Every structure is written in C-alpha cells, then in structure tokens.
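First up is the structure itself, then whatever we jot down about it.
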Amino acid sequence: MPRERIKPGRHGKITVTVVRDAAGKPIRHVAKTRLRDLDGALRQVEAVGQSKSKAIAALEEKLARRVAPSKSEITADTLVHRLVERWQIKVERSKLSANTKRRYGEILDLHIVPRIGKLTIAECTTQVLEGSLEDIADEVGRPTAKLTKTCLSGMWTLASRYGASAGNIIKLLAPIQVEDKPVVAWSLNEVQRIRSGLCGDKRAVANGIADLVDLLLATGCRIGETMALKGKHLDLDATKPTVLVEGTVVRTRRGDDHPTASQGRPERQTPTAAT
C-alpha cells in the first residue's frame, strides 16, 4: 500500500538526532521533519535545542510561523524596514494625492520604522502590532494611530502577496475609534477682533497674513486652495465678483509646494467688500 501523501501545510514524523562531542558527551539535539509547503513542495525543516524536548518545541514553533519560500526579496525573515521601503515604492508609483503620500511617509519614518523596523515580518505578531498602535494612540493620538494601521495594512497586504506572510494580520487587530470633533465657526465678534488684531500687526500685514485671512473669510476656501490662487483666477470687476478654484497647494516630503487639482465647488462668489 503506497504511503499517504502529506497534505499542504502538514509535516511528517519528527525525528531527533543527538550531536555528541569527541568524548561522546551530548552537546545538542537536532529535530528534523519533512514539511509539504503551501506551494506543494516537500522540504526538510530542522531546529536545534539543548534537549530533545527543547529541539522539538523549537521545530514546532518554526513550523507554526513558516510560509512557503518565495523567489521575492521579501520573505518572512525580511526586516520590516525593508518591507517599508518596498511598499513606499508602490505608494510613490500610485495615483494617490501628493498630500496622502506625504502623510504616509511621515507615518513610516516617525512611527513604524522606529518602533518595529528592526523586527522581521514573522516576529510582528498581532500582539506586537496592536501594542505599538496602542502606544502611538496614547503618545501621539488616535487619528495618527488609525493612519498608522492603514499603512500597516497596506504593507502586510504586500507581504502576503509576496508570500512573506500567511495573510494580512492587520485585519485581526482591534478597530481604532476616532471621535469626530464638531466644526466650530467664529462668531461675528471673533471675526472682527481677529481682523482688527491682524490689521494692526505690522508683521502680519507685511507678510500678507492679514490679506490671506480676509480672503479665507470672503471665499470659504481652504488654506491650500487660497495659496494656489493666481491673478487669472480672480474676476473682481464682475457684477458679482468671483474666485475660480482650480487647485490646492500641499507640502511634499521634499519640502516644496506642489499644486494639485482641487475637488468641490470650483467657482465661488466673494462679497463686494472683500474686493
């Protein structure tokens, strides 16, 4: 009767060999078995321990976290900072906005690499990752922790696709709830007090901050949209003066201002007093 074929993900019988020194004294135990990887190939896996039981325990742990070997440069033993570099290339080539790419870069550089960059992908268990997110939430804030989780999910999706992880374990982590803050508009008295203070400040007037605030108040534009305005976008001689919003300005990781397309209401009327 032919021997039963090992199913993918299963291993055969574990054998332990004792390695002795010249005097015949045991110096270590080597546990071995044949594992049929998820790609269908049979491979020998081994682990070493000071005793038979420790060698078997080390082998079983190794089998539990093993995924099929990949021809990709990203494997289960790859350090997380290398996975970060690989994922960052994908992000830069994507159609994400410049601002999103910048924020992802900040999260990677300031939070992910310093905390888990020197761990391997296999060493990043759900407990380790969830603990890191909890620390970020306590030290920096829950919005930053939530964005960090988004980046980690993208990284582990890539690792899973390359065969370096059995799946995207980030999906198993607890959700991070962020409380929405209500939008509070300035009162008329506050607007008058702020405008009066800015107009009376020589530096604010010289730097154009007073004019910038007036334009923000008059149009309802975002700061980035206002900074992207040029003379061609203003029609101040019309019966109803308007401002055409075609883009916004974001600060990239290189530190330069990068104009991008803006979404929302493109043309906005301005009060006559603001012209």
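What you see is a predicted model, and the numbers here were worked out from it, not measured in a lab.
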Flag, side chain of [X] to backbone of [Y], donor-acceptor distance under 3.5 Å:
X	Y	answer
Glu225	Arg222	yes
Lys118	His81	no
Thr33	His11	no
Thr148	Thr144	yes
Lys90	Leu158	no
Arg10	Arg36	no
Asn207	Arg203	yes
Lys62	Glu46	yes
Glu60	Ala57	no

[X] atom [atom1], neighbour heavy-atom count above 12 within 6.0 Å:
X	atom1	result
Ile6	CD1	yes
Arg115	CZ	yes
Glu190	CD	yes

Exercise. Determine, step by step, whether Arg20 and Ile27 satisfy the side chain to side chain contact (heavy atoms under 4.5 Å, CB included) criterion, reporting the C-alpha distance in whole Å, the side-chain angles of both residues, the deciding distance to 0.1 Å, and the verdict.
Key: CA-CA 5 Å; Arg20 304 177 185 274; Ile27 55 175; 5.8 Å; no

Quiz item: Can you list the steps and then say if Thr157 with Asn168 is a side-chain hydrogen bond (donor to acceptor under 3.5 Å, both in side chains)?
Solution: CA-CA 5 Å; Thr157 296; Asn168 187 351; 3.0 Å; yes

Exercise. Decide yes or no for Leu42 and Leu35: does some side-chain heavy atom of the first lie under 4.5 Å from some side-chain heavy atom of the second?
Key: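 SC-SC contact between Leu42 and Leu35 ruled out.
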
Exercise. Flag yes if Ile136 and Leu147 sit in one hydrophobic cluster, no otherwise; membership is Ile, Leu, Val, Met, Phe, Trp, Tyr, and two members link when side-chain heavy atoms are under 4.5 Å apart.
Key: no

Quiz item: Closest approach of Met155 and Val80, non-hydrogen atoms and distance?
Solution: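 Looking at all heavy atoms of both residues, the closest pair is CE-CG1, 3.8 Å.
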
